[in-house]
Amino acid sequence: MWDTKTWQPIATLDTVSFESFAFSPNGSRLVIGGTWPEQWIQVWDVETRELIVELSGHKSDVESFAFSPDGRLLASGGFDGVIYLWDMTPYL
């Protein structure tokens with residue numbers, strides 16, 4: 001991750017390969033979607049750079065994300081053709 005004001009790197013996420021990512025509407029959370037063989041979704045706290053939770057359910061690569069405007073609901077779409085809706089309230 002880079003600071004767009006200074007263009008200096010501020011964090012590196014040491015994790016397995018991921019195919020998709022999205023920031024929550026308020027910018028406090030970053031979600032990333034894993035690729036085979038680990039089709040998880042990780043939710044990160046942007047400020048502390050700590051992993052908050054890892055979610056699973058997709059049977060293949062996690063391809064896309066969309067947050068509701070209030071950030072309380074996350075939709076994830078997978079290469080498996082399935083869309084999951086996740087309640088983000090516990091992780092805000």
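Here the structure is a predicted model, which is why all the values come from computation and not from measurement. Just the heavy atoms: all of them, side chains too, but no hydrogens, waters or symmetry mates, feed the values below.
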Under the side chain to side chain contact (heavy atoms under 4.5 Å, CB included) rule, collect the residues that match up with Ser28, sequence neighbours excluded. Ser24, Asn26

Please report the interatomic distance OG(Ser64) to CZ(Phe21), rounded to the nearest 0.5 Å. 13.0 Å

Say you draw a straight line from CG of Leu74 to OG1 of Thr89; how long is it, rounded to the nearest 0.5 Å? 11.5 Å

Salt bridge (Lys or Arg N to Asp or Glu O under 4.0 Å) pairs touching residues 23-36, sequence neighbours excluded, are Arg29-Asp45

Applying side-chain hydrogen bond (donor to acceptor under 3.5 Å, both in side chains), can you list everything that pairs with Thr6, at least two apart in sequence or on another chain? none

Yes or no on side chain to side chain contact (heavy atoms under 4.5 Å, CB included) for Ile52 and Met88, after CA distance, side-chain angles and deciding distance? CA-CA 11 Å; Ile52 296 172; Met88 292 286 102; over 6 Å; no

Remaining members of hydrophobic cluster (4.5 Å side-chain criterion), Leu85: Leu73

Tyr84 meets the ring pair (Phe, Tyr, Trp, His ring centres under 6.0 Å) criterion, sequence neighbours left out, with His58, Trp86

Who pairs with Glu63 by side-chain hydrogen bond (donor to acceptor under 3.5 Å, both in side chains), at least two apart in sequence or on another chain? none

Between CD of Glu47 and CG of Leu30, what distance do you get to the nearest 0.5 Å? 14.0 Å

Could you pull out all residues at least two apart from Ser60 that satisfy side chain to side chain contact (heavy atoms under 4.5 Å, CB included)? Phe79, Asp80

Could you go through Gln42 and Trp44, starting from their C-alpha distance and side-chain angles, then the distance that decides it, and tell me whether this counts as side chain to side chain donor-acceptor pair (under 3.5 Å)? CA-CA 6 Å; Gln42 290 183 337; Trp44 292 82; 3.2 Å; yes

Residues passing the side-chain hydrogen bond (donor to acceptor under 3.5 Å, both in side chains) test with Ser68, sequence neighbours excluded, are Asp70

Restricting to non-hydrogen atoms, name the atom on Val62 and the atom on Gly33 that form the minimum distance, rounded to 0.1 Å. CB-CA, 3.7 Å

